[in-house]
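This report refers to the structure that appears directly beneath it.
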There are 2 protein chains.
Amino acid sequence: MDKLRKHIEEITPVSDQEFEYIKTFFSEKKVRKHQYLLQDGDMVTCEYWIAKGIFRAFYLDKEGKEYIVQFALENWWLSDYNAFFGQVPSNMNIVCMEEAEVYCLTLLSREKLASEMHKMEHFFRMKLTKGYSAQQRRICSLLSGSPKQRYEEFAKMYPGIVSKVPKKYIAEYLGVSRETLSRLYSGGNLQT
Amino acid sequence: MDKLRKHIEEITPVSDQEFEYIKTFFSEKKVRKHQYLLQDGDMVTCEYWIAKGIFRAFYLDKEGKEYIVQFALENWWLSDYNAFFGQVPSNMNIVCMEEAEVYCLTLLSREKLASEMHKMEHFFRMKLTKGYSAQQRRICSLLSGSPKQRYEEFAKMYPGIVSKVPKKYIAEYLGVSRETLSRLYSGGNLQT
DNA sequence: TCGAAAGTGTGATTCAAGTCACACATTCTT
DNA sequence: AAGAATGTGTGACTTGAATCACACTTTCGA
């Protein structure tokens with residue numbers, strides 16, 4: 001749990017005592033490759049903080065095609081926030097892609113923690129702020145960029161992901177076909 | 001300012017006294033059609049709450065093509081949050097499309113307000129939460145939807161915008177060409 | 001350790017949407 | 001009230017990316 005504390009203290013310091021209390025809101029969970037953390041249609045009880053591992057969050061259209069909404073690595077928060085905050089059934093799936101360990105926080109715990117400790121409310125707000133910004137950049141990139149630009153931008157931003165997950169998922173994240181993505185850096189003038 | 005109070009009280013009640021204090025953080029501003037609230041390259045000093053009017057927030061690529069990141073109507077918050085939170089020069093433009101009145105809140109004021117009043121921190125977090133969810137839905141729609149689906153979804157979600165702004169901006173928001181959008185509901189099987 | 005499954009590159013073909021071009025309608029502006 | 005600017009529909013043409021198809025490679029699981 002030390003890593004979680006460090007993560008929180010990137011935003012706001014907490015005393016030993018405070019952290020002891022914060023800890024009680026989380027529960028630990030180990031997840032193996034291919035295991036679902038969340039499935040289509042489930043109620044979303046928790047959000048997850050990833051201590052270790054890689055996940056992808058995607059949803060399926062009627063034809064069963066996958067679209068990746070988010071990757072998540074160590075130190076990231078992850079859930080279907082639409083469903084989590086709105087307390088409606090999820091339409092997303094979250095799957096483990098690499099042996100993982102996560103801490104779970106229910107919505108109730110989250111809100112309790114936020115209301116009892118101003119600094120945790122602040123922490124969550126700052127995290128949300130950063131996420132909001134990142135999403136806005138992604139929207140810009142989806143709207144304007146050619147597949148090539150999108151890929152380059154993504155590769156620059158998240159080199160760790162590019163090297164660790166199969167290309168086809170990157171393609172799904174970028175909104176291009178696997179083949180097109182492949183042609184981008186083989187035929188194309190792109191350094192891996 | 002009564003409307004602002006009402007807006008805040010949708011999330012959390014505030015006493016007369018508290019609201020008097022909150023008010024001091026905002027400054028009022030009138031904006032006319034075509035006027036820029038924010039321009040490419042500016043430092044972003046404020047975020048804005050719209051008491052009245054319509055805005056569009058867009059950015060321009062190297063070729064000068066416009067991409068709409070967000071529309072904003074009455075009761076919405078608006079800024080280039082990337083630049084605002086990160087305190088870097090904006091790469092967005094915000095233009096008034098209909099006679100408006102806004103309240104301005106600087107980053108400093110915002111953070112001061114949030115740190116002094118837990119309930120305002122909560123308020124901002126809740127707003128951010130909603131915005132985050134909405135963006136996530138938009139990302140899904142951009143990734144998966146055909147132009148037609150995207151348009152239908154948008155029209156359903158924001159009927160007020162569809163009826164009030166020129167189609168070409170809707171097209172820019174959806175990431176399709178003006179012509180394609182036009183063909184969607186003339187040739188196409190789509191009710192206006 | 002061997003067969004199956006998953007990941008990847010590349011060609012051929014198709015097609016949806018972008019681009020260009022123009023006519024007409026609507027609304028600003030002075 | 002007239003002319004300019006803006007908004008909108010529609011045709012013809014072009015094109016970039018999706019799709020389909022297949023070979024080869026790597027990884028995984030029993």
Side-chain angles (χ1 to χ4, degrees), chain A residues 32-35 53-54 56 58 60-68 71 93 95-99 141-155 161-192, chain B residues 32-35 54 56 58 60-68 71 95-99 141-155 161-192:
Chain A
R32 287 193 325 284
K33 197 166 174 175
H34 299 133
Q35 195 180 329
I54 303 183
R56 69 178 197 276
F58 61 94
L60 301 167
D61 65 15
K62 314 103 234 148
E63 281 99 42
K65 245 176 107 173
E66 234 185 86
Y67 297 92
I68 293 194
F71 289 109
N93 300 275
V95 174
C96 176
M97 301 175 72
E98 199 173 88
E99 198 79 352
S141 147
L142 282 173
L143 279 178
S144 75
S146 66
K148 193 172 142 190
Q149 287 173 299
R150 294 210 290 276
Y151 176 73
E152 281 169 345
E153 213 175 304
F154 177 77
I161 294 177
V162 173
S163 62
K164 280 192 188 167
V165 313
K167 309 288 185 217
K168 81 164 178 174
Y169 297 124
I170 313 265
E172 284 169 24
Y173 180 91
L174 297 173
V176 286
S177 72
R178 212 208 80 224
E179 293 92 331
T180 299
L181 180 63
S182 163
R183 282 186 253 265
L184 279 182
Y185 47 74
S186 54
N189 28 359
L190 213 66
Q191 63 285 29
T192 313
Chain B
R32 289 192 323 284
K33 198 168 173 173
H34 297 134
Q35 195 179 328
I54 302 182
R56 70 177 196 278
F58 61 94
L60 302 167
D61 65 14
K62 316 101 234 151
E63 280 98 44
K65 247 175 106 172
E66 235 185 84
Y67 298 92
I68 293 196
F71 288 110
V95 174
C96 176
M97 302 175 73
E98 199 173 88
E99 198 79 353
S141 148
L142 282 172
L143 279 179
S144 75
S146 67
K148 193 172 142 189
Q149 287 173 299
R150 294 211 290 276
Y151 177 74
E152 281 169 344
E153 212 176 304
F154 178 77
I161 294 177
V162 173
S163 61
K164 279 191 186 167
V165 313
K167 310 286 184 220
K168 81 163 176 173
Y169 297 124
I170 313 265
E172 284 169 23
Y173 180 91
L174 297 173
V176 285
S177 72
R178 212 207 81 226
E179 293 92 330
T180 300
L181 179 63
S182 163
R183 282 186 254 265
L184 279 183
Y185 46 75
S186 54
N189 29 358
L190 212 67
Q191 64 283 29
T192 313

Original post:
What is the distance from CD of A:E66 to P of D:dA18, rounded to the nearest Å?
Top reply: 16 Å

Original post:
B:E172 CD to D:dT6 P: how many Å, rounded?
Top reply: 14 Å

Original post:
Cation over ring, A:R56 on A:Y169, under 6.0 Å and within 45°?
Top reply: yes

Original post:
Could you state the NZ-C1' distance from B:K33 to D:dT6, rounded to the nearest angstrom?
Top reply: 10 Å

Original post:
Between A:M97 and A:H34, is a side-chain contact (heavy atoms from CB on, under 4.5 Å) present by the stated rule, with each step listed?
Top reply: CA-CA 6 Å; A:M97 301 175 72; A:H34 299 133; over 6 Å; no

**OP:** Look at A:Y185 and C:dT8 and indicate whether a side-chain polar atom (N or O) is within less than 4.0 Å of OP1 or OP2.
**Re:** no

Original post:
Is the phosphate of D:dT8, meaning OP1 or OP2, less than 4.0 Å from a side-chain N or O of B:K167?
Top reply: no

Original post:
Is there a side-chain contact between A:Y67 and A:Y173 (heavy atoms, below 4.5 Å)?
Top reply: no

**OP:** For the residue pair A:E98 and A:K33, establish whether any side-chain heavy-atom pair is separated by less than 4.5 Å.
**Re:** no

**OP:** Find which nucleotide of DNA chain D each of A:E179 and A:S146 is nearest to by heavy atoms, and output the residue with the more 5' nucleotide.
**Re:** A:S146

Original post:
Of the nucleotides C:dT10, D:dG7, D:dT19, which one has an atom closest to the side chain of A:S182?
Top reply: C:dT10

**OP:** Measure from CG on B:L143 to P on D:dA18 and round the result to the nearest Å.
**Re:** 12 Å

**OP:** Can you tell me the distance, in whole Å, between the CD atom of B:Q149 and the P atom of C:dA17?
**Re:** 10 Å

**OP:** Rounded to the nearest angstrom, tell me the gap between atom CE in B:M97 and atom C1' in D:dT6.
**Re:** 12 Å

Original post:
Under 4.0 Å between a side-chain N/O of A:K65 and OP1 or OP2 of D:dT19, yes or no?
Top reply: yes

**OP:** Spell out, as yes or no, whether a donor-acceptor pair under 3.5 Å connects the side chain of B:R150 to the backbone of B:L174.
**Re:** yes

Subject >> Given DNA chain D, 5'-ward residue of the pair A:T180 and B:T180, judged by closest heavy atom >> reply: B:T180

Original post:
In whole angstroms, how far is the C1' atom of D:dT8 from the CG atom of B:L184?
Top reply: 14 Å

Subject >> C:dG18 base / B:R178 side chain donor-acceptor hit below 3.5 Å >> reply: no

Original post:
Expressed in angstrom and rounded to an integer, what is the separation of B:R183 atom CZ from D:dC13 atom P?
Top reply: 13 Å

